[in-house]
There are 2 protein chains.
Amino acid sequence: MDEADGPRGSAGSVAFAPHDHARCRRAAIEDAQAHCKTAGLRLTPVRERVLEILLESHVALGAYDVLRRLTDEGAVPQPPIAYRALDFLVAHGFAHRIEKLNAYVACTAPCERHDPVFMICRDCRAVAELPSAPIARDLEREAARIGFDIGRTVVEAEGLCPSCRVGETA
Amino acid sequence: MDEADGPRGSAGSVAFAPHDHARCRRAAIEDAQAHCKTAGLRLTPVRERVLEILLESHVALGAYDVLRRLTDEGAVPQPPIAYRALDFLVAHGFAHRIEKLNAYVACTAPCERHDPVFMICRDCRAVAELPSAPIARDLEREAARIGFDIGRTVVEAEGLCPSCRVGETA
DNA sequence: ATTAGAGATGTGATGATATAACAATCGAAA
DNA sequence: TTTCGATTGTTATATCATCACATCTCTAAT
Ligand SMILES: [Zn+2]
Ligand SMILES: [Zn+2]
Ligand SMILES: [Zn+2]
Ligand SMILES: [Zn+2]
């Protein structure tokens, strides 16, 4: 595996490992642009700008954090501006909502249909996105047993990322 | 297995199956009372009343739903009343918070340390609580791979419960 | 009995997150 | 160029959660 690989094709979490994040961002934006083009979706300026804001790091941002960052650049947009852009990005898989934090992160494995697993650092709010295949299987098996029909899943583990573990209070 | 079994010892979800719910409630309250006694915790009137409210069904209630139910019975308590009681119940495992709904359910497998799996009906908000052992193992394995130290986990599947599946829009 | 301290509750205010409603604008296509 | 659906702008409001501080209530020394 190429150590400089972008998000796609990487086996696991890019978020907690040192990587060429500039490339990471560029790839995600270009993915989104390409996917929108082929799927007939409109990646409008606001939507693209919000995606860029989320892509500045792998840290989860609240809707009002995003809003403040938009504000910094001139006018004073209202909450629906941020929520609508975030809803679009989440609906089409360019970003994910982290329920535990009421916050949002850019997707690091875009353009696939997935309900990923998230590992969320309680110190720095960095979020690693992992494929959910084995866990999804477990959930499906349990669901079948009780006659439950699964739509979407939320799988989030909260804890400490490798960086924040060093020097943590024993 | 005794078909009239209470929550403890039942292999799976009591919430979606017909069962003697009066017994279910009574057992949960008595469990809480007993556990508080032995653990030196104070199951005060407000806390017990909130637990009873949650135990009226296996449907998740928001903090303000609980608050309204308390209100029905006389005075007009303020939000912290409900949140403090819910925090106590969650902290000691008598109830769980459902992140996806910003809501709370009574625990149906009390007095064990657990981060269960929840199956949440999007129609009726009923919540089934399942043991999480296999999924927890998967998560630990993935976490170890990327150097992440898991504290707590949130595993919630949203979908349709058996009752709400019948006659659903194809 | 008295009293100090911890835990729990009552109460008002505020913070944080999210959506409703409707007008104005834009863009693709007829 | 007209039309219509999607998007954005804007005001207001709904929903979820916590802060701060006074009061009360147990308990356990003294
Ligand atoms: Zn990156
Ligand atoms: Zn961290
Ligand atoms: Zn029951
Ligand atoms: Zn249901």
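Numbers restart at 1 for each chain; the letters A, B, ... are given by sequence-line order, proteins then strands. Quick note: numbers below take in every heavy atom, side chains included, and nothing from hydrogens, waters or symmetry partners.
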Legend entry - ring-ring contact (aromatic ring centres under 6.0 Å, His included) partners of B/F88, counting only residues at least two apart: B/H92
Legend entry - Phosphate OP1/OP2 of C/dA18: any A/R97 side-chain N/O under 4.0 Å: yes
Inset, instruction - Quick one: list whatever passes salt bridge (Lys or Arg N to Asp or Glu O under 4.0 Å) with B/R26, sequence neighbours left out. - result: none
Inset, instruction - Using heavy atoms to find the nearest nucleotide of DNA chain C for A/D65 and B/F88 separately, return the residue whose nucleotide is more 5′. - result: B/F88
Inset, instruction - Starting at atom OH of B/Y104, determine the distance to atom P of D/dT15, rounded to an integer number of angstrom. - result: 16 Å
Inset, instruction - Write down the distance between CG (A/L41) and P (D/dG5), rounded to a whole number of angstrom. - result: 19 Å
Inset, instruction - Let me know the distance between CG of B/N102 and C1' of D/dT18, rounded to the nearest Å. - result: 14 Å
Legend entry - Residue list, salt bridge (Lys or Arg N to Asp or Glu O under 4.0 Å) with A/R84, at least two apart or on another chain: none
Legend entry - Side-chain cluster (under 4.5 Å, hydrophobic types only) that A/V154 belongs to, other residues: B/V154
Legend entry - Results of side chain to side chain donor-acceptor pair (under 3.5 Å) for B/R152 - residues two or more places apart only: B/D115
Inset, instruction - Examine distances only and state if a side-chain atom of B/R47 and a backbone atom of B/R42 form a donor-acceptor pair shorter than 3.5 Å. - result: yes
Legend entry - Interatomic distance, B/I98 CD1 vs D/dC16 P [rounded to whole Å]: 14 Å
Donor-acceptor list for residues 94-102 of chain A side chains, cut-off 3.5 Å, not counting sequence neighbours:
| residue | atom | partner | partner atom | Å |
| --- | --- | --- | --- | --- |
| A/H96 | NE2 | A/H114 | NE2 | 3.1 |
| A/H96 | NE2 | A/E129 | OE2 | 3.2 |
| A/R97 | NE | A/E99 | OE1 | 3.3 |
| A/R97 | NE | A/E99 | OE2 | 3.3 |
| A/R97 | NH1 | A/Y104 | OH | 2.9 |
| A/R97 | NH2 | A/N102 | OD1 | 3.0 |

Legend entry - Between P of D/dT7 and CG of A/L86, the distance in whole Å: 15 Å
Atom pairs under 3.5 Å: protein N/O with N/O of nucleotides 23-30 of chain C:
none

Inset, instruction - Classify the nucleic acid contact of B/Y64 as base, sugar-phosphate or nothing, counting any heavy atom under 4.0 Å across all strands shown. - result: base
Inset, instruction - Considering just the side-chain nitrogens and oxygens of A/Y83, establish if one lies under 4.0 Å of OP1 or OP2 belonging to C/dA18. - result: yes
Inset, instruction - Return yes if some donor-acceptor pair links the side-chain N/O of A/R122 with the main-chain N/O of B/G151 below 3.5 Å, else return no. - result: no
Residues 55-64 of chain B, side-chain donor-acceptor partners within the protein, below 3.5 Å, at least two apart:
| residue | atom | partner | partner atom | Å |
| --- | --- | --- | --- | --- |
| B/E56 | OE1 | B/R69 | NH2 | 2.7 |
| B/E56 | OE2 | B/R69 | NH2 | 2.5 |
| B/S57 | OG | B/V59 | N | 3.0 |
| B/H58 | NE2 | B/H19 | NE2 | 3.2 |
| B/H58 | NE2 | B/H21 | ND1 | 3.2 |

Legend entry - A/E52/A/R49 ion pair, N-O < 4.0 Å: yes
Legend entry - Length of the CG-P vector between A/D87 and D/dT7, whole Å: 12 Å
Inset, instruction - Give the rounded distance in Å between these two atoms: CG of A/L89 and C1' of D/dT7. - result: 14 Å
Legend entry - Those residues that, when tested against A/D65, pass salt bridge (Lys or Arg N to Asp or Glu O under 4.0 Å) (two or more places apart): A/R68
At a cut-off of 3.5 Å, list every protein nitrogen or oxygen paired with a nitrogen or oxygen from nucleotides 8-12 of chain D, distance to 0.1 Å.
| residue | atom | partner | partner atom | Å |
| --- | --- | --- | --- | --- |
| D/dT8 | OP1 | A/T44 | OG1 | 2.5 |
| D/dG9 | N7 | A/R84 | NH2 | 2.6 |
| D/dG9 | O6 | A/R84 | NH1 | 3.1 |
| D/dG9 | O6 | A/R84 | NH2 | 3.4 |

Inset, instruction - Sequence neighbours left out, what passes salt bridge (Lys or Arg N to Asp or Glu O under 4.0 Å) with A/R145? Give chain and number order. - result: A/E142
Legend entry - Separation of atom NE2 in A/H92 from atom C1' in D/dA6, rounded to whole Å: 12 Å
Legend entry - Identified stems (criterion: three or more consecutive Watson-Crick or G-U pairs, under 3.5 Å), DNA chain D: C:1-30 with D:1-30
